[in-house]
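Below you'll find the structure, written out as structure tokens, and then a few comments.
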Amino acid sequence: MVEATREIYWNVGHGVLIPMYLFAIIAIALLVYGFKKRLELYKIGRPLNRFDNKAERFQYMLKNVLGQIKVLRVPGPGIAHALFFWGFVLLTIGTTLVFLQADILHPLFGVKFLKGAFYKLFSITLDIAGFIAILMMIGLFVRRFFVKPEGLETSKDDYIMHGLLFAILITGFLIEGVRMAATELKVNPSLAVWSPVGLIVAKMFSWMNESSLLSLHKGLWWIHMFLAFGFIASIPYIKFRHIFTTSANYFFNDFRQKGSIDTIDLENEEAESFGVSKVNEFTWKDIFDSDACTKCKRCQDRCPAYNTGKPLSPMKLILDIGEAAANGAETNVIEKVSKDVIWSCTTCRACQEICPANNEHVNKIIEMRRNLVLMEGEFPGEEVLMAMNNVEVNGNPMGLGFASRGDWAEGLDVKVMSEDSDVDILYFVGCYASFDKRNQQVAKSFIKLCNAAGIKVGILGKEEKCCGEPVRKMGNEYLYQMVAMENIETIKSYGVKKVVTTCPHCFNTLGRDYKDLGFDIEVEHYTTFLRKLINDGKLKIKPVSFECTYHDSCYIGRYMDIYEEPREVLKVAGGNIKEMSKNRLESFCCGAGGGRIIAEESIGEKISVKRVKMAEETGANMLVSNCPFCLTMFEDGVKMAELDEKLKPRDLAELLVERLEN
């Protein structure tokens, strides 16, 4: 019986080793040189330590790259890319095994492991992997060049990449088929079945005589080799570089809490400027992101600004920064990107959550806003400047007297901390629940729910100031830190053990951002707080059936991964939730984030209108949220969309109060 194996350098002979390795060295040298030039580009940026906790970073990288986790979040092209990737990885492993046996283990130690049962497994695995890779390449090719989804940019790189990968895979099967036609089909046909795709190709060439097969095989072998080395050499120079840069970007992951922003040391006398206006004021990671970008447009597809006719495309933002870096360290990146792009962002994080390259979009925008506000005194409109002045003078963007901040609570069983600080929780009310009549109803409902559960609640009243989130996201770090420090000092002075807020923006700011300023008190959003009270039996709700759709606030959902708790509370209240097409991680922003709550939306369609139309499509007559910004935007959006008779915005707390057991 003939052993299951094959001669590695069959027909071409070992004489090819010297030229093969010479070309391999040239290809690798070009690859190293190319990345060395890219490295010089990254070095333009400021230092940033993303090399700590190497074991954790390496594990995260392996899990995401090999598992294609973020890639698979978009099923169609995601599955195609993942299967192609896994197929190509298996082919690379197979090539490496051939190299180990043929060029190291066998000539030096006489060891051959590609034989017998292992060879059969090796052969069929690579055949299937290569076939799947070709099928997926065809699917991706059709999508890019024939289906052409809106916004998917096709460049010269895409033609080169598809052509080169197709040629490598096809010539690989042709080489195998021609070899099998000259060998296995004649002397060991039982082995040929372990290379099913190769067997099909072999039968296509079975009519040729041996001399022709040998010549064809040798020619194809050299073509395949040059294609493979051309692929290696081209990686740093075209979009192929994402094979390395996207993988590395997982290693460079920001392991802080999601949405964390660098707190500026405003007292640093050595700082020449704040924020970013030139390329060299970004970090090296910000520049590196442009090389990691695969131009898949997933971020663009989900951006609420882009999808309502505004000039912001998160994908183009990343690429523009890369182009600016290529033009020199002193290039003005704000001029390259444009101010309208910078001001359009709602900081919803939809772009970052879906990005398969692990790029970081939001903080780049915030840094450029900081420069515009702190260094240039520029704002997206006079109304924003007025709101910031109001925060500075009265502690709220509406400009209402700070002394009336707690008036909404008159007649309720709630303590003002300056009078009695013996409480279970401090309710940080926020500006909208304090001054906006619609949102005051939410605040009152929350107090009543706490009363029913036996929770003693305190508020700061006139001592509370805006948490600072809107002005910070608009770039005014100075004003943010001023009001934040006043809030921190006030809260700490009362020995508060726990803070609860009905505003996701306050929740994120107090619970995360304030930590950089020395605030270490527990902060919780009211949705999870109420769920615990219900589960513990302290808050008794009598369910009354109703139909609704639920909006995942960006700052509760994507920022804090709180998706199921509010839904559980709604179901306890008797809610039958009809989900919008964009929900949970894919939720569409209301339009108020990123400080946009204090800015006029003058470009394109109103984001809130687009979102309430999504709610209308569910057929539900109630849109439930748990954020004062969202509630405000939806009230306006319903009016502008003329849906007053079809859709009513409600807050979760309001629904629970109506169902309290007597």
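This one's a predicted model, so the numbers in the text were calculated from it and none came from an experiment. Heavy-atom basis, side chains included; hydrogens, waters and symmetry copies ignored.
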Intermediate values then yes/no, salt bridge (Lys or Arg N to Asp or Glu O under 4.0 Å), Arg179 and Glu7: CA-CA 10 Å; Arg179 176 187 61 78; Glu7 183 183 343; over 6 Å; no
Close side-chain approach of Lys115 to Arg6, heavy-atom, < 4.5 Å: no
Side-chain touch Phe84/Ile132, heavy atoms, less than 4.5 angstrom: no
Contact list for residues 42-57, test salt bridge (Lys or Arg N to Asp or Glu O under 4.0 Å), sequence neighbours left out: Arg50-Asp254, Arg50-Glu360, Asp52-Arg57
Aromatic ring pairing Tyr42/Phe288, orientation class (parallel under 30°, perpendicular over 60°, tilted between): perpendicular
Worked verdict on Asp552 versus Arg584 for salt bridge (Lys or Arg N to Asp or Glu O under 4.0 Å): CA-CA 6 Å; Asp552 292 279; Arg584 294 180 171 83; over 6 Å; no
Tyr60 ring center within less than 6.0 Å of Phe251 ring center: no
Geometric class of the Tyr559/Tyr555 ring pair [parallel <30°, tilted 30-60°, perpendicular >60°]: parallel
Salt bridge present between Glu353 and Lys70 (N-O < 4.0 angstrom): no
CA sep, side-chain torsions, deciding dist, call: Asp103, Tyr21, side chain to side chain donor-acceptor pair (under 3.5 Å): CA-CA 11 Å; Asp103 299 347; Tyr21 277 103; 2.3 Å; yes
Residue pairs involving residues 137-165 (criterion salt bridge (Lys or Arg N to Asp or Glu O under 4.0 Å); sequence neighbours excluded): Arg144-Asp158, Asp158-Lys239
Ser553 side chain reached by Pro504 side chain, heavy atoms, under 4.5 Å: yes
